[in-house]
Structures are given as C-alpha cells and as structure tokens.
Amino acid sequence: MRKIRKRRLQLVILLLVGVGATTAIALTALQQNINLFYSPAQIVAGEVQPGERLRAGGMVVPGTVTRDSDSLAVRFDVTDYQGQVTIEYTGILPDLFEEGQGIVAVGRLQSAGLVVADEVLAKHDEEYMPPEVARALEAAEEAMRTLEAE
C-alpha cells in the first residue's frame, strides 16, 4: 500500500515539475518575441532601452528618405509631431511606402533616435492608418492642444 502511494506521489511531483518547466520555457520564448509599439516621442524620451525589440511608427517626414545607390539600404525619419526618430532599413520597401504617410517599422533600437528595422509596414489604402500610429498621433495632437490652452 505504501509503495503505491509513494509511486503516485513521485508521479504527481514529476508531472508538476514537467508542467512548470514547460510553462517557464513558453513564457521565456514569448517574452523574447514581444514587439511593443512605441511612438517616436516615447523612444526619444528614453522609454525603450537600446537593443530592445520594438515596433515604431508614425508619419514619414517629407524630404528625409535617403537611399544608398549601391544597395537596398534606406534611411528615413518618422515623427508623431512630438518626437522624431531615424529608421534604417535594408530591403525592398512596400509599394505603398511614401513620404508623409503612416508606417510601422519592426526592429531594434540601436541608440536613442535610431531604429534598425527588419520589416517596414505601410498603409494598404488611402484611408488606412495603422491603429498604433493613429493613437500616437491623436495623443500628440491632444498634448499640443493642452499646451496651447495654457
């Protein structure tokens, strides 16, 4: 009788350790793959640590898009009208990418104000604005109105 209880207890403990280890591995993997959205103002304010993976978005500042003539490297600035960051990207930009339009870049922050992107996402029609970019722009406009009212 005691041997059966002892074996059941060992089995339950082994099962709990296995479930705990699986949960820990899953949470670690998820944490490494999280891409939180940050506006240019948040990046400039230092809310993101260098090396951290993120999604940054805003409006492409007209006149800031520079292309390397020898490669697919592109550099441009993005703003939420409160802050401005530079995005570096090597690859083919989406067909709908253009100055003055909203974009979201997925990549890593290299330094305060420079994001090296792995992917650049652009709007898919005339009316669309990425939700994160729209919220960041609305917050910036509200902050500007508040400052003007004071």
> Judged by atom type as modelled, is there a donor-acceptor pair below 3.5 Å linking the side chain of E99 to the main-chain atoms of G63?
Replying inline: yes

Interatomic distance, CZ@R7 vs CZ@R2, rounded to 0.5 Å, equals 16.0 Å

*Do the charged groups of D68 and R75 touch, with an N to O distance under 4.0 Å?*
no

If hydrophobic clusters are built from ILVMFWY residues whose side chains come within less than 4.5 Å, do V61 and V116 share one? no

Here the gap from L96 atom CG to E98 atom CD, rounded to the nearest 0.5 Å, amounts to 7.5 Å

*Are side-chain heavy atoms of I43 and L109 found at a separation under 4.5 Å?*
yes

**Report entry** Side chain to side chain, V106 and R53, heavy atoms closer than 4.5 Å
**Finding:** yes

Shortest non-hydrogen pair, D118 vs Y89, comes out as O-CE1, 3.5 Å

Exercise. Give a yes or no answer on whether the side chain of R108 reaches the backbone of G51 with a donor-acceptor pair at less than 3.5 Å.
Key: yes

The reported gap from CD1 in I4 to CG in L9 (rounded to nearest 0.5 angstrom) is 13.5 Å

A side-chain contact here means heavy atoms from C-beta on lying under 4.5 Å apart; do V60 and V65 qualify?
yes

Interatomic distance, CE@M59 vs CD@Q101, rounded to 0.5 Å, equals 6.0 Å

Between P50 and Q110, the two heavy atoms sitting closest are CB-O, 3.7 Å

S39-D80 side chain donor-acceptor pair, cut-off 3.5 Å: yes

Residues at least two apart in sequence or cross-chain that pass ring-ring contact (aromatic ring centres under 6.0 Å, His included) with F76, listed by chain then number, are F97

Rounded to the nearest 0.5 angstrom, the CG-CZ distance for L11 and R8 is 10.0 Å

Please examine the side chains of V85 and D77, heavy atoms only from C-beta on, and report whether any two atoms are closer than 4.5 Å.
no

**Prompt:** Mind checking whether V78 and I103 have side chains closer than 4.5 Å, heavy atoms only?
**Reply:** yes

Scanning both residues in full, the closest heavy-atom pair of G57 with P40 reads O-CD, 3.1 Å

With a 4.5 Å heavy-atom cut-off, do P94 and L121 have their side chains touching? no

All heavy atoms of E47 vs all of Y38, minimum pair found to be O-CE2, 4.2 Å

4.5 Å side-chain heavy-atom contact, L114 and T86
yes

Going hydrophobic residue to hydrophobic residue with side-chain gaps under 4.5 angstrom, can you get from L36 over to I87? yes

